[in-house]
Structures are given as C-alpha cells and as structure tokens.
Amino acid sequence: MRNAGLWVGAVLVGFVVAAALVSFVWTPYDAVQVDSTTRIAPPSAAHWLGTDVFGRDVVSMLLVGARTTLFVGVVAVGLAAVVGTPLGVLAAMGPRWLGELTMRTNDLVLAFPALLLAIMFGAVFGPSTLTAMVAIGIATVPSFARLARAGTLQVLAAEYVLAARAAGRPRAAIAVRHVLPNIAGLLLVQASVSFAIAVLAEAALSFLGFGTRPPTPSWGRMLQEAQQLLYSTPELALWPGLAIAVAVLGFNLLGDGLRDRFDPRLADRR
Amino acid sequence: MVVQLLRRTAVFAVSLAVATVAVFAFMTVLPGDPARVALGVNATEEAVAATRAEFGTDRPLAVQYADWVSGLPVGDFGRSYVTDTEIGPQILDRLLVTTWLVLAGTAVAVVVAVPLGIAAAVLHRRAGGALISGFSQVGVAVPSFIAGILLVTVFAVRLGWLPSGGWTPPAQDPVEFLRRLALPALALGLVQGAVLTRYVRSAVLDVLREDYLRTARAKGLTPIRALLRHGLRNAAVPVVTVLGLQLATLLIGAVVVERVFVIPGLGSLLLDGVANRDLLLVQGVVVVLVLAVLVVNFLVDVAYTVLDPRLRRAG
C-alpha cells in the first residue's frame, strides 16, 4: 500500500482521540479517586492494567491523560498556527524590512526550545497546564511563520496571482482568496508534526513537574510517579510510556503521510 | 564567501545581544521584586529597601543589565539571591558534566545512525530498508526520558549490569565514570540516532541518484565501493549540518535525562533553581543554554558555507 504510513498514523491518532472522547462519558473508575486498599494492584478483571501507588485505576488515568495531552496539543498548536500563519503571510506580502524583521525574530525564538521556554515560564509564573501550553505554543510559532512565508512566496509567483494583482485586487483579498487556501495543506502537515512535538514537550514537562498539576492525570506525571517504583513494579512505567510513544508516532506518521499526499515528489525521500 | 561570512557573523552577534536582553527582561522584569520575594510579605519597607541595595536591584534596569551582561564573558553570573553564593563556578562545574553527556550521546547517535542510514538507503524499496525506516520512525516517537526509564528497567533493575543513576567524575574513577555514563548516553543517543538515521538515509539516497556515482559504477566499481569512495563524502555535508543542529536538541534533552538519572548537570541545576525560586541562577543557566544553541547554529552555518562550494560561490 502506497500510503500505509498515513493510515497507520490516522488509526493511532484516532485511537488517542477516541480514548480522550470516551473519558468524557465513561472511565472504569474515577481517575483521581485515591484508594489506599488497592495500592499497586496487579492487572486483574477489576483493574485491567492494575492500580498506581495511590490506588488509582491505571486505565482510567490513561483515558483522562489522553484528554489532557490532546487539550495541551490543540491549544499550543492552535496558538502557534493563529499567530504564526498571519506573521508568515505578512512577512512574504509586506515590505521587505518587515519580512526580514519577522524572520530574524523567528530565528531568535528558535533559540528558545519549547522545554526551556516552559521552564522559564514555570519559574516566573508558576508551573501549570496553561504556562506549558503557552510556552509550547510560542516555541512553535516560528515553524508556522517560516512555512507560511515560504508557501506564500511560492503562491505569489503563480500566474493567477499575478493576474489578480494586475487586475488591482487588494493584497488582503489576495491573501484570503488565493494564498491561504493554497498553503492550507502545508499548514495541516505542520500542525500534525507540531502536535507530535507538543505531546512530547507536555509529557516531558509533566515528568519534570512543570506541566499539568495534580490531581489532573497526565501521562508524563504518571511516568514520573512510576519511576519511583521501577524496582518493584516496572510495568507501571510501561503504560504511560507506551501511550506517549503511540500518540507521537501517530501524529508523526500522519504528518509524513499528509506531506506525501500534498507533495508526492517528497515521498521517495523518507 | 567572505561577505557572506561577515554577514552571518554580524547576524550572530546581534542575535547574541538580543537573546541576552530577552532573557534578562523576562527573568528580571516579570517576576517582580526579588528582595520582597526573599524577605516575604511581612517584611518592612526599610528591610526591603536595604535588601534591594544589597542585591543591586535598586539601580536602573539598564545598569543592572550592563552589569550582568559584562560579567558573562568572564564567567561572572552574579551572586545568588537565595544561597548567597557565586553562580558562575556552579554553572561551569555543571556545564562540564552536561558536556560529557551530550558528547557521549552524539557519539552513540552517530554510531547508530551512519551504518543504519546507509543500509536503509542501499536497501531502498526492499524489506530490510523498510524495516530500518520503521525502526527509526518508532525511535523518533520515544522521547529520551522514556528510553532512559526503559534502559534502567532492563539494564539496572532486571539485569543489574549498570547503575540506575548518579555521577562519578572521570578523574576520580574512569571505569565507574563510563559505567554511570553508559545508560544516559544511550538514552539520549539512541533517540537522536533514530532521527539522524532518516537524514543519513535521505542524503545517501540523493547521492545514489547522482551521475558521478553511475559513472563510477560504469567504470567497474561495485555499488558499495562506489558509494564508499565517492558518495559518502558528498552525503556527509547535509548530515553534519543536521548533527550540529541536533546538538542543540541534545543539550535540551539532557535537561530531562539528567533528572531521570540523577546527574548533577546544567539541567538539574536549572530545575533546582526553579524549585528554590533562585531566579538569578535560572537566568544564568537559561542564558548559557540559549547562547550554546546560538553558537552551535552559527558554527553549523559557517561550516556549511565553507564546506559546500555552491554556497561559497553564492557569496
């Protein structure tokens, strides 16, 4: 199958999204309910993947954790797309100095990786899901801006855009009518790849204690709590680790597959 | 080429300056008054004023910035508001540890990625190539801290071959140093190796399609010999670039891996600084990490310009 990666990616992402949606209406147990009588229980009919050190059901925490992961990803990537895309389009269509300034600022923001920015935000504003989302979002803006600029420059060179300009169409109208629809595919690919990076960053931040705060379940913190028990129950670390890897793999494959679909010339190179 | 190098150096210098301003502004202006934070909400105005004078935070921001930034080149990062110790020596000590970790991680990444990437390209459209690409795709999805936990589970908990964490300086006990470095270096390097494998594969695939390689084969060289003799040097340029850029990712990845393996590096210092609300220390570590990223990017840029004759002509 030519585009197997796209389908595998879509299925994995679908799986994570389904888990998050199911958690809104059903979880086997209350994911935040501490129960000292069932601490570190092995997998059983009652608790499919066992319980953690506080007696919380691992399946329930994984389901609600999927919701946390997706929420952070959607807000962070959404923020990056909403800020980065107009910046990139403006950098391409506006005066030359504006383009230069935007790209140089972009390069500077790139020197602050998401994780470092989130730790700085955590140091100043206190660690929370919100600071993690904003930091990951800001660190992702340059990817969208750069891509939007490159895509816009390509569209602007097309003959139908030259015709529209010659006909006196205003720049804003050209941006909305011709540029945005033509770069939407590229942006979708970027969103999928950025989503994978956001999932990784959120997991790492929660692992370090800079992301989602207790008691809200998050995969990164489940992993951090499980690390204390590696010598007695190492499998507790396996489930959140697997969940993070599945989500990242899914979004990466989806992004790669979409890129192949939008630009088949690149398909051979991966 | 000279013009281009000068231009890049100028952009680099401005980026350095702006980055220090950004870090200073973010860490100094936003959090409020360090004197009040140090003394608590019940402190008298006189006490707060005295502490401000002691910290030097009663001076204009521009003066504070100039004072701070002028110390950076000589490793003077100021005195911690919380522990009242010099920050510079702590950062330099920890930077050495992190550098070991990053270098070892890079070595692992190269050892994994170069043979695998070449094999994946040579076996392109065959089961072996697809298998390697699949493995690298999965490797990319496993963050280094998860790889670290898995490695500890297998090699420290189950097999008991290697310690699960901690640090021994090389001067103190070289064997123990290597034993403790092994798992964190693997955790960092395997994941980066997975990323790098894809670039090596892509670069070698590009080279395999080149006319000069076809000519070499027409002259009677086997595909492998043609690749080894003529192809790899050309494939190296983009791979070295990616490797350089990955150094920055490794540096940040080390922050998390240090926490997994309880390694006293720059990452641990940063996280301890945040936990203790030691903002000047955090500011120092952040600026070192950001400057390291900028320096690596600049060196990669320069190396690329020097190595690639097409870019040389473009200048």
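Within every chain, numbering begins at 1; the chains are lettered A, B, ... in the order of the sequence lines, protein sequences first and strands thereafter. Since this is a predicted model, take the numbers as computed values, not measurements.
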Taking [options] one by one, which has the highest count of heavy-atom pairs under 4.5 Å against chain A?
{"options": "I252(B), L251(B), T153(B)", "answer": "I252(B)"}
{"options": "V255(B), V274(B), T249(B), V23(B)", "answer": "V274(B)"}
{"options": "V142(B), V286(B), V282(B)", "answer": "V286(B)"}

Could you state the interatomic distance from [atom1] ([X]) to [atom2] ([Y]), rounded to the nearest 0.5 Å?
{"X": "D256(A)", "Y": "R198(B)", "atom1": "CG", "atom2": "CZ", "value": "5.0 Å"}
{"X": "D107(A)", "Y": "L294(B)", "atom1": "CG", "atom2": "CG", "value": "9.0 Å"}
{"X": "I119(A)", "Y": "L271(B)", "atom1": "CD1", "atom2": "CG", "value": "5.0 Å"}
{"X": "Q137(B)", "Y": "L249(A)", "atom1": "CD", "atom2": "CG", "value": "6.0 Å"}

Non-hydrogen atoms of chain B under 4.5 Å away: do they reach the side chain of [X], the backbone, both or neither?
{"X": "F121(A)", "value": "both"}
{"X": "L108(A)", "value": "side chain"}
{"X": "A247(A)", "value": "neither"}
{"X": "A111(A)", "value": "both"}
{"X": "Y231(A)", "value": "both"}

Contact check, side chains of S15(B) and R104(A), non-hydrogen atoms, under 4.5 Å: no
Does the side chain of I146(B) come within less than 4.5 Å of F207(A)'s, by heavy atoms?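 They are not in contact (no side-chain heavy atoms under 4.5 Å apart), so the answer is no.
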Below 4.5 Å, heavy-atom pairs only: which of N252(A), L238(A), L242(A), L116(A) has the largest tally toward chain B?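 It is L116(A).
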Tell me, yes or no, whether the heavy-atom count around [X] atom [atom1], taken from other residues, nucleotides or ligands under 6.0 Å, exceeds 12.
{"X": "F71(A)", "atom1": "CZ", "result": "no"}
{"X": "F15(A)", "atom1": "CZ", "result": "no"}
{"X": "Y81(B)", "atom1": "OH", "result": "yes"}

Please look at [X] and chain A and tell me whether the side chain, the backbone, both or neither of the residue comes under 4.5 angstrom of a heavy atom of that chain.
{"X": "V293(B)", "result": "side chain"}
{"X": "L291(B)", "result": "neither"}
{"X": "V260(B)", "result": "both"}

Which heavy atom of F112(A) sits nearest to which heavy atom of A22(B), and what is that distance? CZ-CB, 4.4 Å
Identify the two heavy atoms, one from R277(B) and one from A123(A), that lie closest to each other, and give their separation to 0.1 Å. NH1-O, 2.5 Å
